[in-house]
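In what follows, a structure is listed as structure tokens, so that the remarks can point back to it.
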Amino acid sequence: MLNVPPQAFPASGSQQRVAVGGRTKVPLKPGRSLMDWIRLTKSGKDLTGLKGRLIEVTEDELAKHNKKEDCWICIVLESCIPFPAGLVYNVTPYMEYHPGGEDELMKAAGTDGTDLFDQVHRWVNYESMLKECLVGRMAFKPIAAPKDISSTLPEEKKQLNGMLSERKVLGASARDTTPSYDWFQTDDMITVVIYTKQKGMNAELVIVDCQDKRLRGEIILDDYSYLVEVDLDYEVEDDFAVNIAEKIGKVEIILKKKDHSQWKVLGLPLEGHNTLIRRKERGLFYRKCKLVSKTEVTHDTRLFCFMLPKSTHLQVPIGQHVYLKQIIAGTEVVKPYTPLLPFLPLDFKEPFCQDGAHIYLMIKIYSCGLFTQALDHLQIGDDISVSNPEGNFEKSQVEALEDLFLLAAGTGFTPMVKLLNFALTKVDCLRTVKLIFFNKKEDDILWRNQLEQLALRDERFEVQFILSEPKEDWMDKRGKISSALLSECMKRSKKDSKVLICICGPAPFTEQGLQYLKDLGYSQEEIHAFTA
Ligand code: FAD
Ligand code: NAD
């Protein structure tokens with residue numbers, strides 16, 4: 001179990017860069033925010049130096065543009081696959097706006113920058129953000145097709161009720177079992193069966209969307225994603241059922257036919273159909289969700305409730321986040337948020353069971369925040385695009401725990417909510433759960449009342465509030481995260497108890513916290529940092 005990426009522990013003396021979750025961010029100069037970039041792209045300035053002309057770029061030509069004042073980068077967009085010709089951008093005007101910093105961007109000068117952009121924030125839609133910097137396409141040169149190892153598999157190609165099933169297993173040789181699928185029909189129903197061969201299959205690992213005849217069923221298998229994606233032969237009703245046989249790993253998607261037509265084939269396979277690839281390589285999939293309520297939590301933080309469409313089956317696992325996508329000033333902007341429960345349950349018998357139809361997000365609205373300002377202007381009934389979940393927290397990290405410490409700062413509290421509920425209801429050997437909650441002022445504390453109620457109801461749970469900008473009359477702890485505060489506030493229930501410390505908050509908070517925990521002698525296995 002490796003929860004904390006090695007980069008999360010900063011080298012001494014690195015004050016400028018913030019490296020959390022393997023990504024590096026540098027503070028941008030004033031006037032260089034994403035909003036400023038969007039403004040520049042709308043200004044009508046010629047950002048490529050080619051006056052709107054698009055050209056074919058050879059590898060040799062690309063390589064020549066490798067200086068800060070003349071920097072071209074090729075990015076292979078997912079939508080280009082399986083013909084990854086790559087789009088070439090002049091990123092010189094973007095240099096100062098790049099969250100990873102100019103030096104990072106220069107590492108890809110004159111070459112392929114796809115990985116580099118993905119590392120800084122893979123959710124960004126470059127096509128939209130850099131569209132004014134597009135120089136052209138890479139000149140086509142025969143490229144070896146992505147290695148398809150299907151020929152080495154026992155079943156090579158097989159005809160499934162008329163549909164050609166060619167299994168693509170890209171980079172998935174690490175998995176020793178490959179899923180497969182089949183389908184059958186009655187007069188009223190179509191049942192798609194996915195044989196994952198994975199024990200312990202559960203509803204959180206199955207994400208299904210079925211809209212406008214497009215069926216997309218994604219199965220999460222550890223670091224891999226298996227996809228069934230077809231344009232169905234005929235229309236089906238919006239709602240469907242998902243049955244999971246956990247022990248044998250069989251997943252059934254039961255669709256209702258709109259009429260009684262007999263289907264000859266399931267449908268036309270779409271791009272990612274019947275592929276097993278690494279999760280990171282599978283593009284994020286979004287569906288539109290409706291805002292059904294918005295309630296005040298504090299002076300600047302609201303609880304948003306979004307309703308999933310009937311045609312979606314999606315449950316966000318503990319500690320994972322989703323991405324919200326909005327078009328702001330003509331540009332697609334995407335930000336991550338961590339779903340939580342509508343309230344802090346005070347009953348400890350069973351984990352609070354959500355209805356599966358709603359997603360709750362607690363979001364702080366920043367007065368100059370690009371995304372949160374737009375969110376705050378959403379009206380009840382408005383739509384927003386919500387992605388599939390991502391994140392690397394595993395429930396197994398909590399099993400057999402004796403002590404759980406949660407270090408949260410500001411909205412870094414959000415991943416702690418489901419975790420807290422799960423730990424208090426499901427982990428029998430747990431002796432203490434302590435939330436150490438860092439905020440600026442008293443008014444900023446999220447769900448204070450509920451947390452205090454919980455502490456009264458369950459003697460295993462304790463909450464400690466620490467304010468960095470308290471009023472004079474604040475009687476409790478004050479300050480920012482420090483080694484001294486942590487060693488004072490975190491006491492194991494017994495020597496060598498099995499402990500987990502989860503940390504989440506602003507990047508410098510998390511980075512410093514990880515360093516202090518390391519200094520205090522906690523091992524990497526005992527720490528989990530929530531990051532993107
Ligand atoms: P931006 O336009 O990016 O920033 C504008 C200004 O707002 C900044 O200059 C600064 O003054 C202020 N500001 C923005 N972000 C911060 C900050 N982090 N700290 C201090 N000042 C800031 N946020 C939530 O509210 N709830 C969540 O559940 C949540 N989950 C997240 C999960 C992950 C994995 C990550 C990485 C982040 C999460 N965030 C969450 C933060 C969220 O993704 C956005 O960064 C945040 O909403 C600000 O977006 P914005 O576009 O409004 O601000
Ligand atoms: P905030 O600015 O109100 O600060 C809350 C507390 O964090 C402060 O009182 C202080 O104790 C600490 N803090 C802030 N800046 C610090 C610094 N530079 N060094 C040390 N400590 C510092 O916090 P906020 O506006 O609510 O921001 C919450 C943050 O949590 C955001 O950056 C958000 O991106 C992050 N977040 C991450 C995830 C995740 O990765 N899964 C989930 C939710 C929120």
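Order of listing sets the numbers, starting from 1, for every ligand and every atom in it.
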Handout entry: ligand 1 contacted by S33 (non-hydrogen, < 4.0 Å)
Key = no
Practice task
In sequence, state the C-alpha distance, the side-chain angles, and the governing distance for T295 and F304, and then conclude on side-chain contact (heavy atoms from CB on, under 4.5 Å).
Solution key: CA-CA 7 Å; T295 27; F304 290 81; over 6 Å; no
Handout entry: Test side-chain hydrogen bond (donor to acceptor under 3.5 Å, both in side chains) applied to K440 - qualifying residues, sequence neighbours left out
Key = none
Practice task
Please confirm whether M362 comes within less than 3.5 Å of ligand 1 when only nitrogen or oxygen atoms on both sides are compared.
Solution key: yes
Practice task
Could you tell me whether the side chains of S493 and E402 share a donor-acceptor contact shorter than 3.5 Å?
Solution key: no
Practice task
Going by heavy-atom distance to atom 47 (O) of ligand 1, choose the closest among Y337, F509, Y366, F371.
Solution key: Y337
Practice task
State yes or no: are the ring centers of F413 and F437 separated by less than 6.0 Å?
Solution key: yes
Completion exercise
Less than 4.0 Å from some atom of ligand 2, heavy atoms are found in residues T338, K364, Y366, A409, G410, T411, G412, T414, F438, N439, K440, S468, K480, C504, G505, P506, P508, F509, Q512, F530, T531
Exercise for the section: With heavy atoms only and a cut-off of under 4.0 Å, state how L370 meets ligand 1: side chain, backbone, both or neither. Expected result: both
Fill in the blank from the handout: To atom 34 (C) of ligand 1, the nearest of K364, H321, R302, Q320 on a heavy-atom basis is H321
Handout entry: Face-on cation placement of K434 at F405 ring, 6.0 Å and 45° thresholds
Key = no
Practice task
Apply side-chain contact (heavy atoms from CB on, under 4.5 Å) to Y337 and M362, showing your working.
Solution key: CA-CA 8 Å; Y337 294 95; M362 190 186 275; over 6 Å; no
Practice task
Examine T372 against ligand 1 and note whether any of their N/O atoms are separated by less than 3.5 Å.
Solution key: yes
